[in-house]
Amino acid sequence: MSAKAATKLTPRERLSRGLTYSAVGPVDVTRGVVGLGVHSVQSTASQLRRRYQQGRLAREVAAAQETIAQELAAAQEVVASLPQALQDTRKRQRRGPRPWVIAGAAAAVLAVGAVSFSIVRRSKGRPDPSPRPPSVDPQPRP
């Protein structure tokens, strides 16, 4: 047995060997043709599968491009309406609270502060009367 016989032959090698050797020729020719046919069918199937996947990918890319185009159009509309929205916001911000409301709130805060100040002052001005007599004479001597 030679080293070449131990290794598997490709269909093309079988066909060429079958055509070269007449004794084994018809078997090798048949096996070579069948092998080439099978290989051709596999190659065609893989090409069709690849074309199908590329077509599906192309459809997905087209759908993504369409979505991006729609988003871009929406963003352009928002940017186009931005100056008008800013103007409307500025007009709304110019209307502040009326001056008499601010003055009334300030007067109310001052009044509450004055009342609380007088209450605190009165409570600290007088000591609490104790039920016990003082231990020291409250009147200083001359």
Side-chain angles (χ1 to χ4, degrees), residues 1-140:
M1 219 184 229
S2 68
K4 195 168 191 175
T7 61
K8 289 190 174 183
L9 298 176
T10 64
R12 180 172 289 159
E13 290 172 338
R14 270 189 208 289
L15 181 59
S16 64
R17 190 177 89 175
L19 293 174
T20 305
Y21 302 109
S22 61
V24 200
V27 173
D28 277 343
V29 168
T30 304
R31 287 182 69 187
V33 168
V34 169
L36 285 175
V38 168
H39 181 66
S40 174
V41 167
Q42 287 176 343
S43 174
T44 304
S46 72
Q47 284 180 351
L48 288 173
R49 188 179 315 119
R50 187 172 45 248
R51 282 186 185 173
Y52 172 74
Q53 289 174 346
Q54 287 175 347
R56 187 173 62 194
L57 181 63
R59 286 190 298 273
E60 289 175 1
V61 167
Q65 285 176 340
E66 183 178 333
T67 303
I68 289 171
Q70 290 173 351
E71 293 293 329
L72 186 59
Q76 285 176 342
E77 288 177 17
V78 168
V79 169
S81 67
L82 192 59
Q84 183 63 34
L86 287 174
Q87 272 185 342
D88 294 344
T89 304
R90 285 183 187 144
K91 284 181 183 177
R92 276 188 245 129
Q93 285 178 350
R94 287 181 190 152
R95 292 183 188 171
R98 307 241 191 270
W100 58 271
V101 173
I102 294 174
V109 167
L110 286 174
V112 169
V115 169
S116 63
F117 179 75
S118 67
I119 290 173
V120 168
R121 181 94 170 155
R122 283 184 191 165
S123 67
K124 288 192 175 188
R126 292 187 223 152
D128 292 335
S130 174
R132 303 167 90 192
S135 61
V136 181
D137 189 18
Q139 297 291 329

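Everything quoted here is computed from the prediction, not taken from an experiment.
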Measure the CD-CD distance between Gln54 and Gln47 for me, rounded to the nearest 0.5 Å. 10.5 Å
If you take all heavy atoms of Ser46 and Ser43, which pair is closest and at what distance? OG-O, 2.9 Å
Could you pull out all donor-acceptor pairs under 3.5 Å where a side-chain atom in residues 64-84 meets a protein atom, sequence neighbours excluded?
residue : atom : partner : partner atom : Å
Thr67   : OG1  : Ala63   : O            : 3.0
Ser81   : OG   : Glu77   : O            : 3.3
Ser81   : OG   : Val78   : O            : 3.1
Gln84   : NE2  : Asp88   : OD1          : 3.1

Applying side-chain contact (heavy atoms from CB on, under 4.5 Å) to Arg56 and not counting sequence neighbours gives Tyr52, Gln53, Arg59, Glu60
The criterion is side-chain contact (heavy atoms from CB on, under 4.5 Å); which residues satisfy it with Thr44, sequence neighbours excluded? Ser40, Leu48
